[in-house]
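Keep in mind the model is a prediction, meaning the values are calculated, not measured.
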Amino acid sequence: MSNQWTSSLVGCLSDIPSCCCVMFCTPCAYGQIVSIARTGSTTGACGDPQACCLLFLVPCAGLCCTHSTRWEIRKQYNIKEGAHGDLAEHFWCFCCSLCQEYRELKVQTKLAAPTPEEMSR
């Protein structure tokens, strides 16, 4: 049985720090997402340095890399794919997708307290 994401794709404002990180330093946020997904913890301000640098130096390659990371997170936590698919969600809602992944990893790895939305489930 597949699980659902613990927050919606457009629930960015339920975690303001993650939202700000994604909006103002997307490469660092993506580095943190990759770091948490691989190790279960954060590593420095930019997380995984390779992921951060890749997104910073080659932004057009970001879509290819980030949607595969979303797939890995879904596989790791047995999360059902969204109605539009990982690639479409990253193409049309790039920042929202990264925010959702960041929130999910924080909840799954217990790096953050649950939001009111998550507690209501």
Side-chain angles (χ1 to χ4, degrees):
M1 176 178 226
S2 295
N3 298 319
Q4 298 290 325
W5 292 95
T6 57
S7 62
S8 74
L9 183 63
V10 293
C12 301
L13 297 179
S14 67
D15 182 7
I16 300 296
S18 295
C19 180
C20 289
C21 183
V22 169
M23 293 303 297
F24 299 114
C25 191
T26 306
C28 292
Y30 180 62
Q32 287 290 347
I33 290 166
V34 170
S35 177
I36 296 168
R38 290 183 182 163
T39 67
S41 64
T42 59
T43 53
C46 293
D48 183 84
Q50 292 174 330
C52 178
C53 288
L54 176 70
L55 203 60
F56 181 75
L57 297 173
V58 191
C60 59
L63 184 62
C64 297
C65 299
T66 59
H67 95 276
S68 64
T69 302
R70 184 176 184 86
W71 178 84
E72 289 174 17
I73 292 168
R74 282 191 317 94
K75 182 179 172 189
Q76 184 174 359
Y77 297 108
N78 194 30
I79 298 171
K80 182 179 164 185
E81 186 172 16
H84 308 292
D86 297 333
L87 182 60
E89 287 175 353
H90 268 260
F91 183 78
W92 296 109
C93 306
F94 184 70
C95 287
C96 291
S97 295
L98 289 179
C99 284
Q100 184 184 39
E101 294 159 22
Y102 208 168
R103 289 190 309 272
E104 186 69 30
L105 289 168
K106 285 175 147 183
V107 169
Q108 294 288 351
T109 59
K110 312 276 190 273
L111 290 175
T115 64
E117 183 181 287
E118 296 160 283
M119 292 174 69
S120 67
R121 293 183 186 206

**Message:** Could you check whether E101 and H90, counting side-chain N and O atoms only, form a donor-acceptor pair closer than 3.5 Å?
**Reply:** yes
**Item:** Within 45° cone of Y102 ring axis and under 6.0 Å: K106 NZ or CZ
**Value:** yes
**Asked** SG/C65 to CD/Q50 distance, rounded to the nearest 0.5 angstrom?
**Response** 11.0 Å
**Prompt:** Quick check: are there more than 12 heavy atoms from other residues, nucleotides or ligands sitting under 6.0 Å from CZ of F56?
**Reply:** no
**Asked** To the nearest 0.5 Å, what is the distance between CD1 (I33) and OG1 (T66)?
**Response** 8.5 Å
**Request:** Working to the nearest 0.5 Å, report the span between CD of Q4 and CG of N78.
**Result:** 10.5 Å
**Item:** Pair R103, S7: side-chain N/O donor-acceptor within cut-off below 3.5 Å
**Value:** yes
**Fill in**
Rounded to the nearest 0.5 angstrom, the CD1-CD1 distance for I36 and I73 is 9.0 Å
**Prompt:** Who else is in the cluster with L13 when I, L, V, M, F, W and Y are joined by side-chain contacts under 4.5 Å?
**Reply:** I16
**From CH2 (W71) to CD1 (I79), nearest 0.5 Å** = 13.0 Å
**Item:** Non-hydrogen atoms of C12 and L9 that approach each other most closely
**Value:** SG-O, 4.3 Å
**Request:** Just jot down the side chain to side chain donor-acceptor pair (under 3.5 Å) partners of Y30, sequence neighbours excluded, or say none.
**Result:** T69
**Item:** Listed partners of Q100 passing side chain to side chain donor-acceptor pair (under 3.5 Å), at least two apart
**Value:** R70
**Which residues share a side-chain contact (heavy atoms from CB on, under 4.5 Å) with T39, sequence neighbours left out** = S35, S41
**Message:** With a 4.5 Å cut-off on side-chain heavy atoms, are W5 and R74 touching?
**Reply:** yes
**Request:** Look up atom CZ in R38 and atom CD in Q76, then write down how far apart they are to the nearest 0.5 Å.
**Result:** 11.0 Å
Throw together a table of side-chain donor-acceptor distances under 3.5 angstrom for residues 21-28, partners on residues two or more places apart or in other chains.
| residue | atom | partner | partner atom | Å |
| --- | --- | --- | --- | --- |
| T26 | OG1 | V22 | O | 2.5 |

**Request:** Sequence neighbours left out, what passes side chain to side chain donor-acceptor pair (under 3.5 Å) with S97? Give chain and number order.
**Result:** none
**Exam field: side chain N3 to backbone Y77, donor-acceptor pair closer than 3.5 Å** = yes
